[in-house]
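Take a look at the structure set out below.
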Amino acid sequence: MSGGFNEIHPEPTTFISKYIISFDHKVIAKQFLWMGIAFLGLGGMMAILIRWTLAYPGQAFPVLGGFLFPNTAGVVPPDTYAMLFTMHGTIMIFFAITPILIGAFGNYCIPLMIGARDMAFPMLNMLSFWFAFASGVVLCASLLLPLGAAAGGWTSYPTLSTTIGSPGAGQTLWCVSIFLFGISSTMGAINYVTTVITLRAPGMGYFDMPLTVWGLWLTAILNAIFVPVLGAGVILLTLDRVMGTTFFLAGASATSGSGDPVLFQHVFWIFGHPEVYILILPAWGIVSDLLSFFARKPAFGAKATALSMTAVTILSTVVYGHHMFTTSMSPLLTQSFMTMTMTISIPSAIFFANWLGTIWRGSIRFDSPMLFSLGVVFVFGLGGLTGLHLGTVTTDLYLHDTYFVVGHFHYTMAASVLLGGFAGIYFWFPKMFGRMMNETLAKIHFWGTMIPLNGIFFGMLMVGYGGMHRRIYNPFVYESLQKLIPINTMITISALIMGAFQIIFVINFLWSLLKGPKASQNPWEVGTLEWTIPSPPVHHNYDVIPVVRCGPHEFGNPNLKTGRDFQYQTEELVEATT
Amino acid sequence: MNRSQSQNNLAMTIVLISGAMLFATLFMGYAIYRTSAPTWPPMGSTKVSLGLPFLATLTILLSSWFCHRVQLAVKVENFARASMELNMTLGLGFVFLFIQSSLWFHMKNVGLYTSSGIFASILYAYTWIHAVHVVLGLFSLIWLRVVLRPSNARILQKTINVERFWHFLGIVWIIMFLTLFVL
Amino acid sequence: MGFSNINVGPSWWDLSMPPIDISTNGHLIDSLFNYTTALCVFYFVLVCIGLFGFSFIYSRKRHKTAYYTYGNKKQHLIFTAVIGAAVFLTIDLNITRIANNDLLGEFWKFPNPKTEKVLRVEVMAQQWMWSFRYTGPDNQFGTKDDVVTNNDLRVPVNTKILFHLTSKDVIHSFWVPNVRVKVDTIPGRVTRTWWEVTTPGVYDIACAEMCGTPHYLMKAQLTVLSEEDFGRWLKSSEELAINTNDPDDMNLAWGWKWEI
Ligand code: HEA
Ligand code: HEA
Ligand code: CUA
Ligand SMILES: [Cu+2]
């Protein structure tokens with residue numbers, strides 16, 4: 001932007017305006033990050049409780065148990081278990097992954113990486129965070145209700161989620177919370193899309209944007225389009241609960257006139273399937289960039305990667321029916337959804353190939369962000385490929401609502417997206433806070449996460465195929481499932497180990513925040529715009545808006561005379577003779 | 001068209017897309033209920049008389065028309081007239097809300113309650129959701145009324161965006177009128 | 001897999017195998033699953049070779065300077081295109097075709113009671129139990145002579161069984177792991193499924209869809225009998241029904257006319 005620094009908003013002076021209701025995208029990003037990590041912790045603790053119950057049914061949860069569940073002597077009660085996995089799912093998806101990947105990295109990276117002084121609408125940005133925060137508070141509040149929080153699963157299918165299935169106010173608060181969150185996401189989306197379209201630094205074409213920005217941009221577009229669909233869904237559900245309407249009530253439960261519970265499933269998944277790509281697109285973008293940055297090599301087929309991510313974005317809007325194969329939809333629908341679902345693997349395979357092409361003949365530096373990125377390639381391979389088993393209707397008739405599904409989506413979300421998020425945190429921490437994180441601890445954290453993680457989630461795939469279904473408090477009331485006790489125990493132990501190693505992350509994070517060695521302007525030797533300015537950047541990011549002269553992945557050009565092996569995006573592209 | 005202008009237009013476009021998706025979902029639901037029902041309106045519920053909805057349609061159309069004239073007036077920088085037209089837009093907006101609320105009372109009187117089946121559910125819920133958006137629209141109109149000054153920078157394009165939102169609500173209502181009440 | 005050798009007794013690999021298949025169609029699902037798995041393993045091995053191989057060979061130590069390329073040379077594009085095409089042709093087309101054939105050929109090929117020998121059963125799910133209804137002598141559902149059982153489904157071997165299912169309250173899902181297939185029971189509508197079993201015995205029926213806190217307890221028993229035993233059982237329970245069913249017992253009144 002031509003004008004002075006203050007064109008967007010003046011440098012804040014008071015504590016409040018600096019840290020609480022800040023308009024500065026960098027501060028808002030940090031707010032989202034803190035919120036995300038806190039909820040990740042909460043969701044993780046819930047996961048541990050879930051795992052304990054599944055491996056040691058009827059046994060008191062050590063240490064905390066007695067305090068958490070006094071009237072059952074520390075054993076997780078069945079109704080609490082239902083609330084646990086419902087809240088775990090909701091929290092992890094909406095309040096852990098979304099704030100970190102989209103809220104934090106979106107806010108932090110987009111303006112810096114495209115050379116802008118801030119988002120297009122800083123005010124809206126601030127509101128977006130506080131709406132998210134409010135919805136988080138509402139959700140947590142529902143945990144304290146006499147009848148407890150929502151317990152119908154994060155998908156909260158009616159009629160279970162209507163008053164006939166869940167009388168308590170918890171489900172209503174869940175709807176309210178999700179609605180508030182939707183408003184926040186939409187605000188964010190408006191901001192991201194507008195910013196990317198209008199605020200790119202002069203000279204930066206769409207294909208000069210780092211792939212991270214591509215991912216975040218596509219995510220924002222999906223958000224703007226599909227979050228309102230869920231919004232409509234939860235409004236109707238709320239009305240059913242509080243105003244006595246009968247949109248989703250049917251059969252004996254519908255007093256008069258009959259609605260259609262399956263309609264909610266359609267609405268939910270029209271949103272829900274894009275949502276899962278909303279979650280992973282930023283991670284894909286980050287990984288595509290980091291692989292190139294640390295292989296010291298231009299991203300292999302960057303354009304193709306960007307385009308196939310776009311293709312996935314488009315396809316993701318027409319496959320949602322694969323979540324509903326067992327509702328016996330019309331055969332035609334079923335068949336077309338199966339076919340569409342399959343086609344998504346083509347673009348996925350293409351950028352997969354590009355990822356491998358990127359590290360092929362590179363000169364790979366195994367810093368922590370790179371380790372996590374390589375980890376994502378591994379786990380997303382597994383997560384994606386297991387999606388194919390679910391995509392074919394006949395196999396899904398068996399696998400639907402088993403732990404195979406749970407394993408699939410943990411590999412894609414809890415593994416791919418989580419590791420991608422960690423990669424991003426380790427990579428941008430120096431820029432965000434001006435200090436380096438401890439590399440050794442980071443590497444320990446990586447291996448301590450990566451190995452047990454596969455124990456957990458591959459174990460889930462195994463018990464799932466073994467016939468253990470989801471959302472059951474005690475699998476072993478089924479004699480046929482008792483054979484799975486050893487594997488379930490293994491999963492739980494892995495989960496405990498993984499959880500323990502996350503504490504190392506938290507320690508590293510907090511310690512580096514205060515005591516970490518000062519970070520140079522460009523510790524990773526990367527050429528994208530945010531590394532051309534001091535860490536942490538000044539309030540207005542760029543004294544003069546940079547002019548972009550080359551792509552984000554200019555590494556290892558043999559003709560470079562600068563002594564560096566990379567080029568800043570602000571430098572004229574050196575012609576390569578090869 | 002300078003950057004901040006294109007920014008605001010783009011933002012409003014996205015807002016409208018999101019809003020459109022919300023109402024599109026509702027209409028999709030309506031289509032499914034309607035097509036899967038043996039008879040429409042279902043047993044026991046009767047259609048509401050078209051009088052009030054028709055009146056509401058006229059009102060909101062008129063109001064949209066005035067809203068457009070506001071923009072024309074601002075274009076030629078005749079702010080006296082602009083604020084006049086804007087008052088009309090606002091007034092008609094409130095009239096629309098009044099008609100809607102009397103519609104709800106009317107439905108109650110003819111024995112349609114929110115709990116009396118899917119037909120009533122749709123009529124009430126959809127009109128409620130639309131009305132809430134109209135309230136938001138009125139707020140933005142009031143805001144425009146406040147900032148409507150020659151001194152105000154980029155007033156024309158602020159007017160245009162508010163106008164787009166108001167027209168959007170008009171269009172949604174017309175679709176509702178045709179699908180929920182007439183058909 | 002890797003786990004198989006770290007504990008005694010049946011290997012975890014065996015443990016994670018699905019329960020024995022007692023149906024005529026289940027093997028289709030198992031074989032498609034294994035086929036898909038094989039293909040996935042193949043591609044995943046490729047991924048791993050690339051991932052670990054490149055990481056090893058091209059680590060900074062061994063490979064000082066990176067090869068400068070955008071990966072947009074002709075052969076590069078061909079390479080990616082080939083991967084994409086390969087995945088599509090070898091995996092997608094194959095498994096979609098197989099699944100589609102199995103659906104049309106078996107799972108969606110509902111037997112017609114008018115023309116062939118079919119046992120018809122109505123299933124009513126409710127929080128938290130399963131009720132099953134047989135027509136009784138008059139071949140009519142919803143009449144006094146219907147045989148109604150709770151959490152106890154008995155079927156003969158080598159007979160096509162056609163289920164019409166619904167739910168009283170919330171959505172449940174009717175699942176017999178040994179038969180593989182699963183179908184949701186939805187209030188306000190009737191869903192269908194059919195299967196044929198071959199091996200007598202006692203098996204689990206599970207509710208696979210979250211339906212409230214006791215969801216995990218919502219199990220029923222499937223008893224597969226020889227045709228004679230089944231006939232005997234049905235006969236006796238029909239007589240029992242005629243003598244004892246009282247028409248205005250609400251718990252029995254849920255049967256509905258069966259329209260095909
Ligand atoms: C980030 C999240 C994420 C992602 C990316 C995906 C990706 C995919 N998912 Fe998943 N899915 C979920 C999250 C996700 N999913 C969640 C949360 C649920 C459950 C919700 C619930 O019920 O609670 C779910 C459930 C779910 C179901 C419903 C299962 C059921 O309930 O019965 C199905 C069915 O088709 C499915 C399919 C797929 C497919 C085909 C992909 C495809 O996108 C996968 C495409 C990728 C590949 C195919 C791999 C490509 C790579 C290769 C092929 C390697 C070859 C390359 C070389 C050799 C170089 N998913
Ligand atoms: C991205 C989302 C995400 C993530 C990361 C996870 C992570 C984990 N999940 Fe999650 N899970 C879901 C999304 C996720 N899950 C969803 C959507 C469902 C479906 C819910 C439903 O059925 O409705 C589900 C359901 C689900 C189930 C099935 C419940 C059931 O069906 O009965 C199980 C069971 O084992 C499980 C286990 C785990 C485990 C062991 C982890 C482990 O990876 C957890 C490891 C992480 C930690 C231990 C915490 C890490 C902590 C920090 C990094 C910082 C700590 C900070 C502080 C202390 C302040 N999950
Ligand atoms: Cu019935 Cu779960
Ligand atoms: Cu999906």
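Throughout, a chain's letter reflects where its sequence line sits, starting with A, and its residues are numbered from 1. Just so it is clear, the values below take in all heavy atoms, side chains as well, and ignore hydrogens, waters and symmetry mates. Computed from a predicted structure; not experimentally measured.
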Proximity breakdown for A:D565 and chain C, heavy-atom pairs closer than 4.5 Å: neither

Among C:P177, C:G50, C:A208, residue most engaged with chain A (heavy-atom pairs, under 4.5 Å): C:A208

Rounded distance (nearest 0.5 Å) linking atom NE2 of C:H215 with atom NE2 of A:H469: 5.0 Å

Student check: side-chain heavy atoms of A:T394 and C:F107 closer than 4.5 Å: yes

Approximate separation, where rounding is to 0.5 Å, of C:Y216 OH and A:F476 CZ: 13.0 Å

Aromatic ring pairing A:H389/C:F33, orientation class (parallel under 30°, perpendicular over 60°, tilted between): tilted

Segment of A:T395 engaging chain C (4.5 angstrom heavy-atom cut-off): both

Main-chain N/O of A:I364 paired with C:H63 side-chain donor or acceptor, under 3.5 Å: no

Verdict with supporting geometry, A:K483 and C:D14, side chain to side chain contact (heavy atoms under 4.5 Å, CB included): CA-CA 10 Å; A:K483 60 172 188 174; C:D14 304 332; over 6 Å; no

Approximate separation, where rounding is to 0.5 Å, of A:F555 CZ and C:T69 OG1: 14.5 Å

C:Q126, part contacting chain A, at a heavy-atom distance under 4.5 Å: neither

Heavy-atom contact with chain C under 4.5 Å, split by part of A:L382: both

Residue C:N100 versus chain A: region with a heavy atom under 4.5 Å: both

Result of checking A:K297, A:E554, A:R361, A:R296 against C:Y68 for side-chain hydrogen bond (donor to acceptor under 3.5 Å, both in side chains): A:E554

Stepwise side chain to side chain contact (heavy atoms under 4.5 Å, CB included) test for C:R189 and A:T327: CA-CA 10 Å; C:R189 51 169 85 183; A:T327 57; over 6 Å; no

